[in-house]
Amino acid sequence: MTSVLTSATTRPDVPRTATRRRYLMCRPDHFAVEYVINPWMHPEVPVDRDLAVRQWETLRATYLELGHRVELLEPVAGLPDMVYTANGATVVDGTVLGARFRHAERAGEAAPHRDWFTAAGFTRVVEPRFVNEGEGDLLVVGDLLLAGTGFRTDPRAHDEAASVLGRTVLPLELVDPSFYHLDTAVAVLDATTIAWLPEAFSAASQRVLRERFPDAIVATPADAAVLGLNAVSDGRHVVLPVQAVDLVARIADRGFVPVGVDVSELLKGGGGPKCATLEIRS
Ligand code: ARG
């Protein structure tokens, strides 16, 4: 079911350590592509919802096999994008910064996310003032919060995220509509390592990222075209689309263990494994 790929090329001199994670996922019971809010979405292309559910179940089983904890958010009819829980909040040190969606079609997802955290006992759950699409555009790397803008998240949300979550923010500008969320253009592999697609960023943001992460793994356009960067790492295992073959090899070469999954149905909505996985950092 889970394929651990090409560990033979793993460099033994680079120890990579996994830490147990807690994730929030939402079964794609109502998944559909009914509107167009990103270039991946084509309502005329049929979606196989049963297959989407099976692929999602495999993703969930993969996390469980890796020893992680998976919490479930109840799906809501009429919210076909709710499977992409990464967009519903950002959680750092037990503080929950809720989302505010750019498009009316997804606005209804924000409250169920906040309510889940409140019901789960989180005492600091903040409803934001400015548009931010959760971990779609806010990525934790060590003590730093990478913050995307350009298509979805309002740049004013970056300061809001910094003050609510108590982290330094590195603002980054996305320029290619196919990579409309930061998590389609950057994968966080551990506290100091990222993989990325330089072309997805403005020249200024490319400079900032190169300076900050000189050892970053560079993805190929072919990787990015299957949302290969939409990956979930526990510091050692990197769960990513199995179709991203160049990235799989490059990640393995740096001592990580790539774990390929096929979420081809979720790709029709413009999302991959990471979009369907919200990390709960308590
Ligand atoms: N259809 C969804 C949207 O366009 C896909 C979201 C994908 N999520 C992500 N974290 N990139 O909003």
Side-chain angles (χ1 to χ4, degrees), residues 2-7 9-10 16-19 21-25 40 55-56 58-63 65-68 70 83-87 90 134-142 146 148 172 174 178-198 200-201 209 213 215-267 269-279 281:
T2 299
S3 40
V4 174
L5 302 163
T6 56
S7 49
T9 57
T10 297
R16 301 289 182 186
T17 315
T19 52
R21 308 292 167 123
R22 186 178 178 198
Y23 298 129
L24 181 65
M25 298 181 73
W40 303 81
Q55 293 176 335
W56 178 92
T58 302
L59 179 63
R60 176 168 170 257
T62 301
Y63 294 137
E65 279 170 36
L66 291 172
H68 304 309
V70 178
V83 61
Y84 305 113
T85 51
N87 304 142
T90 309
E135 289 195 327
D137 278 322
L138 298 171
L139 294 174
V140 175
V141 193
L146 304 184
L172 298 166
L174 296 161
S178 290
F179 307 111
Y180 57 94
H181 271 149
L182 187 62
D183 72 358
T184 65
V186 168
V188 178
L189 303 183
D190 66 20
T192 55
T193 314
I194 63 163
W196 69 312
L197 181 74
F201 294 90
L209 281 169
F213 301 97
D215 296 330
I217 296 170
V218 175
T220 63
D223 292 325
V226 291
L227 287 183
L229 287 165
N230 202 247
V232 178
S233 175
D234 64 12
R236 173 173 173 78
H237 310 99
V238 181
V239 177
L240 82 172
V242 68
Q243 294 87 352
V245 290
D246 297 331
L247 193 57
V248 161
R250 289 176 188 190
I251 283 175
D253 188 49
R254 295 283 288 271
F256 294 96
V257 181
V259 180
V261 291
D262 185 5
V263 289
S264 59
E265 291 307 298
L266 299 186
L267 190 61
K274 168 62 206 156
C275 300
T277 311
L278 174 63
E279 184 163 350
R281 300 176 191 83

Looking at [X] and [Y], what are the two nearest heavy atoms and their distance?
X: Phe179; Y: Thr184; result: CA-OG1, 3.1 Å
X: Leu266; Y: Ala276; result: CD1-CB, 4.2 Å
X: Phe213; Y: Thr192; result: CD2-O, 3.5 Å
X: Gly228; Y: Ala231; result: O-CB, 4.0 Å

Check this for me: does any side-chain nitrogen of one of Arg60 and Glu65 sit under 4.0 Å from a carboxylate oxygen of the other?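 Salt bridge: no.
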
For the pair Glu279 and Arg21, find out whether any cationic side-chain nitrogen is under 4.0 Å from an anionic carboxylate oxygen. yes

Calculate, to the nearest 0.5 Å, the distance between atoms [atom1] and [atom2] belonging to [X] and [Y] respectively.
X: Asn230; Y: Asp183; atom1: CG; atom2: CG; answer: 4.5 Å
X: Leu278; Y: Thr85; atom1: CG; atom2: OG1; answer: 5.5 Å
X: Lys274; Y: Leu240; atom1: NZ; atom2: CG; answer: 13.5 Å
X: Arg236; Y: Thr19; atom1: CZ; atom2: OG1; answer: 12.5 Å

Polar contact flag, side-chain donor to acceptor under 3.5 angstrom, Asn87-Glu135: no

Step through it carefully: locate the ring centre of Phe256, locate the ring centre of His237, and say whether they are under 6.0 Å apart.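 No, the ring of Phe256 stays outside the 6.0 Å limit from the ring of His237, centre to centre.
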
Side-chain donor or acceptor of Trp196 paired with backbone N/O of Ala216 under 3.5 Å: no

Are any of the side-chain heavy atoms of Asp190 and Arg16 separated by less than 4.5 Å?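 With C-beta onward as the side chain, the pair touches.
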
